[in-house]
Structures are given as structure tokens and as C-alpha cells.
Amino acid sequence: MTKTLLRGRILTFHAEPQSPDDTGAFTYLEDGAILIDAGRIEALGDWSDLSHHEAQVIDHRPHLLMPGFIDTHIHFPQVQVIASWGAQLLDWLNNYTFPAEIAFADQNHADTMARAFFDLLTGHGTTTAMAFCSVHTQSVDAYFSEAARRNMAMVGGKVMMDRNAPKGLTDTPQSSYEDTKAMIDKWHGVGRARYAITPRFAITSTRAQLEIAGNLVAEHPGCFVQTHLSENHAEIAFTKELFPEALDYLGVYERYGLLGPKTFLGHAIHLEPREIDLLADTGSRPVFCPTSNLFLGSGLFDDAGLRGRGIANAIATDVGAGTSYSMLQTLNEGYKVLQLQGQALHPFRAFHWITRGNAVAMGMQDEIGTLDAGTSADVVVLDSAATHAMALRMQAAETLAEELFVLMMLGDDRAVVQTYVAGTGQKPGAVA
Ligand code: GUN
Ligand code: ZN
């Protein structure tokens, strides 16, 4: 197989930037090249140092090449739920989301939606995501089959939910155990796939089911865990009503052994001091979902407060409550959520977050999130002047930081020229 050499401006991070001046946290190459062999990055360097390699050259100048974006919390069966009007969390789930997820019992529907979902992800520059599937194993098969077809490093799992949901969308403790186990055996570690044990949230699981989820976690320590935490006041009140014995919301997951560095907790907005201690002590990962938190009126994620406790926050779209598949637009809204709290998200830290930062949170930085030699060639190619508004603004931009800020405030899928997954361009006919 011939090698590929991508040419363009290149940016990749080595560490989380500690300040706007922390230029040691990244490598930026004005005329750089990425040498790709068999889906992996063989070398990264200046064009002049790599141009002698025998390879198919794809010249992306003047565009900016970065590691593909990573979305750590998204719902695959909500592709037709995104942009549903007027409700906050619990009504939104009951009125829009649960009815839409019932349809994923049908394999054809799940397969069709999986193709659309993966086109949307890569079209927006996302090359890895951690997704909730529906309660049905059909949706898990559809999801991982499509991921395998594209050789994408995807994490996912069937939601376990045995109460407070309509018929057609519930399992039982026993069936959720058997189905989850079957899906782990079938998909976890196959190619680039990884499984996430997925109790949806405390409200939709009985104690018996959460206990079984804890058993699954103990039996499969290599799997991720994903769920939701303290997104909305009515949700928290209902959780406390259902689990009066728990010290707090996070205490429910604690009791059943669901916490740890592989556990991703969507939202984590309204936290009590003990819960923050517990997040820090267990190394669990809160996930900031800004477009969703604004859309559902859920609240403001305290990034600085949690980071100050040494907690590794991830960031994600949370489509379909999230309103964009774009991690750029996620940064845009994230910037504003943090501004409302007197926290400023610098573009260096922002772009680190959606690439290496999320990869580190997932423990996957040896495979994704950077352009280091040996990692997978998952690459996004960005045009900072993709729209008229961006082009005009870019005429007045003088620094890389300014360009990145334009991309995150004004950019979306229109700024994505091409997305490579394991070295293969996902946009047919994209102009190099
Ligand atoms: N909590 C439980 N399920 C969901 C969901 O699908 N979306 C969001 N935003 N929160 C949830
Ligand atoms: Zn969610």
C-alpha cells in the first residue's frame, strides 16, 4: 500500500496549555507534513524534511490540519430529536426522546440512522465519539458495524433502563445484563471499538439493575461506563425521591461501584460538596455539554471549580439535547457558559480540550487526540475562511490564537474541508 503525505499548516498539542503564552504545549508547523502508512502516522515534521518520501501527496495548503475532534457524550438514537422545542430535561425526554428511541428496535431504521450519524460526525470533523445507543441491541450492532466499516475508534453501549420509560423502551435487570454482556463479547476490543456500560441515569434504573451494572463493571474493567449526573433540578429531586437512602445523586452510582477514571458523567452541573470530593477521589470524568445545557436551560457547568480540584473534565455535544454536532460550536457555547461565570476559555486550551484533552480523559492518548508518530491518522482539515464572515474576520487576524478563536466562534461543518479516519478521507470529492 502506498503511503500518504498530507501537506498544510499543522497544529498538535503535547500538554494542556497553562496560559495564553504557553507555546511549549503544542507544535505548530507553518509548512508541515504528516506521513501516513497503513492508517497510522509514521512521521510528523516540516514539509522540507518529509517531502523526499515516496508517497501520494495531498496538498491542503493553506488549510490547518489538526487531530480529529473527540466527542465524549452523544446520543446516536437522537438524530431526529435534535432541535425539539420548548421543554426542559424530563419533559423533553418523555415527549420527544423516548418516542424517537423506540424506533431503534427496527434494524433497518437503526442501520439507516447509523450511516447518517457517522456522516454527520465526520462531516463536522469528529473522528471519535462515546455514544449512548438505544435500549435495543439492534442499535448497538448498527452503531459498531458502521464504525467498523469506517475503521473509527468509537465507544458506545446500549442504555440499560428498566423503569420510568415507555413500553418498548425498557429492559429488565436480567435482560440488560445478558444483552450488555453479549454486546461486550461481540464488540469490545474488536478493531477500534470499545464498549461503554450504560445505565442511562438513576431515574430509569431500579436498584436491581444498578447492582447488575456494577457487576458488569467489575467483570469488564476494560470497558467504559457512561451515564448522566445532576443535569436539572427536577431530575435531582426525583432521583432523591427514588433513592432516599443515598447521600446525594452521585451517591447512587457510588453505592453500585460505578465510579472511576473510565466513568463519564454527562452534565454534572448542580453538585454538592461531597459529590465534588467523590468525583476527585474516584477520578471520575464529568462531561461539559454546553449547547445542551443552554438548550434545555439546565445550568452552568463550573469548569474552573472542578479543575481546581484536580478533576479531568471532558467536553461534548450531547446531541440531541445538544444543538450542534460541531465541536467548534460546542467550544463557542462553552466559551459563553464560562464567560457567564467569569471564566475565560482561551483558544489554545479549547483546541487542546477537544483533541488531546478528551483523549487523555479517555485514557486513549496513545491512539487518538494528537498527531504524534504511532497514533492513528485521524485528522481534520480546517478552513478558517470558510464563510464570508470568517474570511473578513481572518483578514484582520495576526496570530494563531486569533485564528483558532475565529474557528471556534464562527466555524462549524462548513469549515471542515476534509476528515481522515485512519488515513482515509471521509468526504468524497473534497477539494484538497
Ligand atoms: N438524562 C437521561 N437521558 C438523557 C438524554 O438522553 N439526554 C440528556 N441531555 N440527559 C439525559
Ligand atoms: Zn446525554
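One-based numbering along the sequence shown. Indexing begins at 1, ligand by ligand and atom by atom, following the structure's order.
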Problem set entry | Candidate pair His75 and His228, rule ring pair (Phe, Tyr, Trp, His ring centres under 6.0 Å), full reasoning | CA-CA 12 Å; His75 295 261; His228 296 87; 5.2 Å; yes
For this session: Show the numbers, then the answer: is there a salt bridge (Lys or Arg N to Asp or Glu O under 4.0 Å) between Arg274 and Glu254?
Result: CA-CA 12 Å; Arg274 195 199 80 93; Glu254 175 190 23; 2.9 Å; yes
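Protein heavy atom nearest atom 10 (N) of ligand 1, with residue, atom name and distance: Glu231 OE1, 2.8 Å. Nearest protein heavy-atom neighbour of atom 3 (N) of ligand 1: Arg200 NE, 2.8 Å.
At a heavy-atom distance under 4.0 Å, no atom of Ile203 approaches ligand 1. The residue Tyr96 has no part lying near ligand 1, judged by heavy-atom distances below 4.0 Å. Of all the heavy atoms of Leu89, the ones lying under 4.0 Å from any atom of ligand 1 belong exclusively to the side chain.
Taking every heavy atom of Ala321 and a limit of under 4.0 angstrom, the matching atoms of ligand 1 come to 9 (N). The Asp318 neighbourhood of ligand 1 comprises atoms 8 (C), 9 (N), with distances under 4.0 Å to a heavy atom of that residue.
Any N or O atom pair closer than 3.5 Å counts here, and Glu235 shares no such pair with ligand 1.
Between Ile58 and His60, the closest side-chain pair of non-hydrogen atoms falls below 4.5 Å. Within the 4.5 Å cutoff, the side chain of Leu271 has heavy atoms near those of the Leu279 side chain.
Counting only distances under 2.8 Å, and ignoring water, the protein N, O or S atoms around the Zn ion (ligand 2) are His73 NE2, His75 NE2, His228 NE2, Asp318 OD1.
Under a 4.0 Å N-O distance rule, the pair Asp141/Lys186 qualifies as a salt bridge.
The ring-ring contact (aromatic ring centres under 6.0 Å, His included) check on His14 picks up nothing, with sequence neighbours excluded. By the side chain to side chain contact (heavy atoms under 4.5 Å, CB included) test, Thr323 is found to be paired with Thr291, Phe295, residues two or more places apart in sequence or in another chain being considered. By the salt bridge (charged side-chain N to carboxylate O under 4.0 Å, His left out) test, Arg356 is found to be paired with no residue, residues two or more places apart in sequence or in another chain being considered.
Aromatic ring orientation, Phe117 versus Tyr325: perpendicular (interplanar angle above 60°, classes split at 30° and 60°).
In this structure, Trp92 is part of the shell of residues with a heavy atom less than 4.0 angstrom from ligand 1.
For the residue pair Ser298 / Asn293, no side-chain donor-acceptor distance below 3.5 Å is found, with atom types taken as modelled.
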